[in-house]
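To start, the structure itself, in structure tokens.
Atoms within each ligand, like the ligands themselves, are counted from 1 in listed order. Along the sequence shown, residues carry numbers from 1.
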Amino acid sequence: MLFPLPIDLFFALLKRVDYLKEQIMDFSLSEKLWNQAQELFPGGVNSPVRSFQSVGRHPFYVSRAKGSKLFDVDANCYTDYVCSWGALIHGHCYSPVVRAINEALQNGTSFGANCPLEIRLSQLIRSAMPSIEKIRFLNSGTEACMTAIRLARGFSRREKIMKFEGCYHGHVDSLLVKAGSGALTTGIPDSEGIPASLSALTIILPWNDEEKLIAAFKKYGRETAAIILEPVPANCGLIPPKEGFLESIESQARAYGSLIIFDEVITGFRLSYGGAQALFRIKPDLTVLGKIIGGGLPVGAIGGKKEIMDCLSPLGKVYQAGTLSGNPLAMAAGIAQLEELQKGHAYQYLENLGQQLEAGMLEIQKKLSYPLQFHRFGSLFSFFFTSKKVASAADAYQVDKMKFSSFFTALLSSRIFIPPSPFETAFLSTAHTESDIDELLKIVYDTLKKML
Ligand SMILES: *Cc1c(COP(=O)(O)O)cnc(C)c1O
């Protein structure tokens with residue numbers, strides 16, 4: 001749909017309408033769809049967190065989105081701090097991305113053969129992340145993590161994998177152990193349907209615990225193919241690494257010849273153009289990417305050292321394939337996204353918004369001393385409803401989930417959409433503005449004050 005109004009004026013009017021409707025937020029069309037969905041999908045959804053199960057209310061249905069705004073089928077408008085779980089770093093319907101998809105679409109949707117767009121996107125990624133010498137595109141982050149594990153095992157001829165409690169690497173069997181994210185939200189920390197013999201090969205470590213890390217490597221290091229981690233974990237709330245922790249992981253892995261896999265599905269092209277690895281100056285052996293590099297279309301990628309990557313079929317004996325891999329639409333969207341990010345101003349802008357939010361939250365804490373921990377790293381942030389510091393998944397699990405539910409619901413009725421789970425991270429995009437942040441802070445303040 002095209003609007004004959006300038007977009008700013010449009011939103012100003014919309015706000016006005018929203019204000020008038022404040023008391024009577026209508027969800028009737030969403031309710032209707034939700035009732036149908038219950039019959040059609042397990043739990044009514046195609047991805048667990050979307051059920052809103054952990055915040056004790058029914059979900060809304062999105063009809064469209066633009067910039068930082070999300071519109072539901074009942075014409076409620078929300079400021080969106082989920083941003084398709086971080087994929088949309090420029091916000092919804094970002095015109096360079098939409099244009100690129102439209103252009104590519106005219107030439108076909110899938111070829112089952114090579115297309116030049118694959119070359120361009122891989123060059124962009126490689127020049128952003130020097131640890132990546134060769135790359136392979138897949139269709140999701142899950143797929144990329146699954147392949148990374150198989151590849152690490154095939155290359156090293158070792159079987160064990162180390163991962164951290166609360167880190168999510170997709171719903172891969174051997175990685176769905178203490179996995180955080182949706183697995184946590186629905187109260188199933190370990191999934192059924194995973195053979196014990198498989199999860200026995202996965203060693204779970206507590207995040208930010210150097211002693212346990214060293215002990216684990218001493219015991220299992222020589223049998224460990226790889227240690228996989230989110231360098232800045234964002235699937236159990238946001239729990240940044242303590243000073244020196246990533247360096248300890250690196251030195252332990254190197255000492256025992258285990259590969260280091262950075263799962264940068266969230267952090268890649270978000271924390272900086274070169275991802276977390278550029279920020280922390282660590283060169284992983286393999287990197288897993290997704291979300292942002294697809295510009296909102298389904299993509300995953302795995303990249304790393306040539307000698308490891310060349311173990312993949314058809315050159316090597318580690319099998320991997322995909323009908324839609326390197327899909328022209330997804331490649332075009334990713335190229336447009338990265339070319340815009342490459343210009344560089346996005347990161348300073350996002351950092352400024354993040355700082356504004358953090359400073360405002362500090363003020364709120366000073367005024368209300370609410371038992372709440374606010375974490376922020378670049379454009380990522382999360383709220384932990386606990387009075388204790390949160391440095392690990394175990395700390396995060398202590399949060400007051402009821403308080404989070406009340407907080408979520410109050411924000412939603414003020415037209416703010418944050419992740420519907422106490423164990424997810426919220427996202428800023430370049431479509432958010434200073435006044436969005438001011439509004440968010442005001443609503444958070446009013447909400448917490450009422451909750452005291
Ligand atoms: C989202 C995510 C994945 C899984 O990606 P999908 O595209 O959802 O399969 C893997 N790792 C991390 C860190 C993620 O945030």
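- In this structure, Phe280 has its ring center at least 6.0 angstrom away from the ring center of Phe245.
- A ring-centre distance under 6.0 Å is found for Phe383 and Phe407.
- In this structure, Ser251 contributes its side chain and Ser248 its backbone to a donor-acceptor pair below 3.5 Å.
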Derivation of the side-chain hydrogen bond (donor to acceptor under 3.5 Å, both in side chains) call for Tyr94 and Gln337: CA-CA 9 Å; Tyr94 184 58; Gln337 177 92 284; over 6 Å; no

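- Residues of the protein with a heavy atom under 4.0 Å from ligand 1 are Ser140, Gly141, Thr142, Tyr168, His169, Gly170, Glu230, Asn235, Asp263, Val265, Ile266, Lys291, listed by chain and number.
- With salt bridges taken as basic N to acidic carboxylate O contacts below 4.0 Å, none links Lys163 and Asp263.
- Between the side chains of Thr430 and His90, a donor-acceptor pair is found at a separation under 3.5 Å.
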